[in-house]
Amino acid sequence: MTTDSAGRLWVVATPIGNLDDLSARAREVLGRVALIAAEDTRHSAPLLARYGIATRAVALHEHNERDEAERLVARLRGGEDIALISDAGTPLVSDPGFRLVRAARAAGIVVSPVPGACAAIAALSVAGLPSDRFVFEGFLPAKAAARRERLAELAGETRTLVFYESSHRVRETLDDMAAAFGAARPAVLARELTKLFETVIDADLATLIARVAADPNQSRGEFVLLVGGRPEQEDARLAEGRRVFALLREELPPARAAKLAAAISGAPRKALYGSDDG
Ligand code: SAM
């Protein structure tokens with residue numbers, strides 16, 4: 001049960017690049033709470049310093065969240081207000097904070113958002129892909145086999161797909177996406193949003209792959225990758241063929257995988273893998 005004397009947990013979004021994107025309310029809340037729980041206190045120090053926020057910060061990251069959440073909830077119960085921030089954007093969105101929010105809510109603490117930047121939403125808002133419905137997939141698995149399996153599972157998804165990706169994997173991921181969804185699928189690479197080298201490229205997956213291969217700068221920095229959903233009119237057999245192909249490609253040479261996937265799904269082999277051999 002909520003008690004009147006308990007403090008409040010404020011979940012505060014911080015900028016994803018451009019420090020001017022910290023809202024006036026975020027500044028006010030961060031300046032007046034008893035404590036800031038930050039993913040990395042050193043990372044957040046320049047932001048806090050820029051706005052003259054002198055509130056004490058403690059670290060709350062994936063390795064200590066379980067223990068720290070309990071300690072913070074005790075302080076909230078004792079009447080202190082606490083703000084939760086992550087390194088960038090909205091806490092809990094591919095960032096720590098879930099355990100703390102859940103523990104606070106379980107303890108009857110009021111949890112309030114101070115909304116602001118989120119890379120996924122910022123990218124979606126400029127991508128020009130259908131945005132009335134979308135699926136946020138966050139980071140794909142780092143290991144190639146698991147990543148391909150996940151993409152194969154998503155091949156039939158008709159809503160716009162939103163992924164986070166790191167610079168050292170973006171090329172591999174684009175290749176895997178082309179294999180799973182077909183190279184003609186529309187996609188958007190949203191890089192370094194709100195920063196100096198902000199670039200948003202919309203094309204099909206084949207073109208994106210070529211652009212990134214031709215210009216190494218396009219694989220530097222931070223990325224959101226968006227992929228249009230499977231067109232409603234796309235042949236269901238083709239979608240199934242792509243899914244099976246992406247799975248078989250893990251174990252077999254591509255041409256052989258395409259031949260089997262075509263036989264299993266009834267999709268044309270050339271639509272799965274653009275080669276006549278095998
Ligand atoms: N909580 C954050 C949010 O609300 O966007 C996301 C944190 S997640 C650990 C970091 C990932 O978000 C990066 O690897 C990248 O995929 C994406 N990202 C963060 N800032 C970005 C930016 N300025 N431009 C493009 N993508 C960004």
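By convention here, the first residue in the shown sequence is residue 1. All ligand and atom numbering here is 1-based and tracks the order in the structure.
In terms of the side-chain contact (heavy atoms from CB on, under 4.5 Å) criterion, residue partners of A203 (sequence neighbours excluded) are, by chain and number, T207, L208.
Here E28 does not pair with R25 in a salt bridge; the nearest charged N to carboxylate O distance is not below 4.0 Å. The pair R237-E240 does not meet the salt-bridge criterion, since no charged nitrogen lies less than 4.0 angstrom from a carboxylate oxygen.
Side-chain atoms of E192 never come within 3.5 Å of backbone atoms of T199 as a donor-acceptor pair (strictly under, hydrogens ignored). Remark: the backbone N or O of A180 is not paired with any side-chain donor or acceptor of R185 at under 3.5 angstrom.
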Distances for all N or O pairs of ligand 1 and the protein under 3.5 Å?
unit_1   : atom_1 : unit_2 : atom_2 : d
ligand 1 : 1 (N)  : A88    : O      : 3.1
ligand 1 : 1 (N)  : T90    : O      : 2.9
ligand 1 : 1 (N)  : V93    : O      : 2.8
ligand 1 : 1 (N)  : D95    : OD2    : 2.8
ligand 1 : 4 (O)  : T90    : N      : 2.8
ligand 1 : 5 (O)  : A119   : N      : 2.7
ligand 1 : 5 (O)  : Y164   : OH     : 2.8
ligand 1 : 16 (O) : E165   : N      : 3.3
ligand 1 : 16 (O) : E165   : O      : 3.4
ligand 1 : 16 (O) : F223   : O      : 2.5
ligand 1 : 20 (N) : E222   : OE1    : 3.3
ligand 1 : 23 (N) : I16    : O      : 2.9
ligand 1 : 23 (N) : L193   : N      : 3.4
ligand 1 : 23 (N) : L193   : O      : 2.9
ligand 1 : 24 (N) : L193   : N      : 2.9

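When ring centroids are compared, F136 and Y164 come within the 6.0 Å threshold.
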